[in-house]
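Here the structure comes first, spelled out in structure tokens, and everything after it is commentary.
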Amino acid sequence: MEAPGGRESAAPKLWLAIQSRFEDVALLGVAVERVCLHAGMPGETAYRVHLCVAEAANNAIEHSHEFDASRQVQVEVEIARADVRIQVIDRGKAMASDALTAARRRPAEYEDVASLPSRGMGLYLIQSIMDSVEYRSENGTNRLIMTKTIAPSV
Amino acid sequence: MELQSERHGEVLVLKIAGERLSADTAQRFKADVANLLEDAVKRVVFDMSSVKFVDSTGVGAVISVLKMLGPSGQLAIAGLSDSAAYVFQLTHMYKVMLFFTTTSEAISALADHGSPRRP
């Protein structure tokens, strides 16, 4: 597999790829969680990074690749001194330009069952958990770029 | 993922026998619960002591079950690990569902309309 990241760096990097199938997403999440633990991240934080990777991959499979299993979802993990930088990469339909901003505006509380959303919470979770989240779409390649500090939060 | 059901008076307990309630298992979970729900059942406890990972699609599936129960329905989750409970906490589900450490506590609370524990 061609290294998809493109950013020259001395920091160690790992590349992973799955077919666009929900049942394969756990492989990505579990692998990234173990890498985060190896880098020194606390267990609870590494679990939450696993959750974010799964959410991003699920979005790529459903909304970008539209369940076309022949397309790959790729993940690049870069372990820097202070943080882990993760790119979830697809080559399908790009997200709307305001999708990240819109997902931040989720209501803080739900007062009744009728108002509960049963879908569309993934980006909200990712932005709640990760330290930074950025989305780039260039030349048919879409990247959700997430970083998380390795050290325990105070 | 499999569901094991047990009736305790008016409370239906559904034990989730699987480690992940996520995008890959949520559709089957919803279909299986729908098959097990009877019209008269309005109080459901999910025993999630075997579940290690829940994503937003998993939370959405639980919300779908809550909606199946109707306006008078009550839903409790028991035995969820702190890690797996975090996604329910982030999505503020403690406002509309009850959370308990053990299944027996959840059954008692639903039978008595007890107060919830926040995840």
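Chain A is the first sequence line, chain B the second, and so forth, proteins listed ahead of strands; every chain is numbered from 1. Quick caveat, the model's predicted, so the values are computed rather than measured.
- In this structure, chain B has a heavy atom under 4.5 Å from the side chain of A:E44, while its backbone stays farther away.
- Going from atom CD of B:Q27 over to atom CZ of A:F22 covers 8.5 Å, rounded to the nearest 0.5 Å.
- Side-chain atoms of A:N58 and B:D55, non-hydrogen and from C-beta on, do get closer than 4.5 Å to each other.
- The distance from the OG1 atom of B:T57 to the CD atom of A:E55 is 6.0 Å, given to the nearest 0.5 Å.
- Contact annotation: the side chain of A:I129 approaches that of B:L90 to within less than 4.5 Å [non-hydrogen atoms, C-beta and beyond].
- Contacts between B:V54 and chain A at a heavy-atom distance below 4.5 Å involve the backbone alone (N, CA, C, O).
- Only the side chain of A:R48 comes within contact range of chain B, judged by heavy atoms closer than 4.5 Å.
- Taking CG of A:N59 as the reference point, atom OG of B:S56 lies at 7.5 Å (rounded to 0.5 Å).
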Step-by-step side-chain contact (heavy atoms from CB on, under 4.5 Å) determination, B:F53 to A:V30: CA-CA 10 Å; B:F53 181 85; A:V30 169; over 6 Å; no

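- For B:Q4, the CD atom is densely surrounded, since the number of other residues' heavy atoms within 6.0 Å is greater than 12.
- In terms of non-hydrogen atom pairs under 4.5 Å with chain B, the most contact-rich of A:A26, A:G29, A:S128, A:G43 is A:A26.
- Both the backbone and the side chain of B:A84 come within less than 4.5 Å of a heavy atom in chain A.
- Under the 4.5 Å side-chain criterion, counting only non-hydrogen atoms from C-beta, B:I63 is in contact with A:M121.
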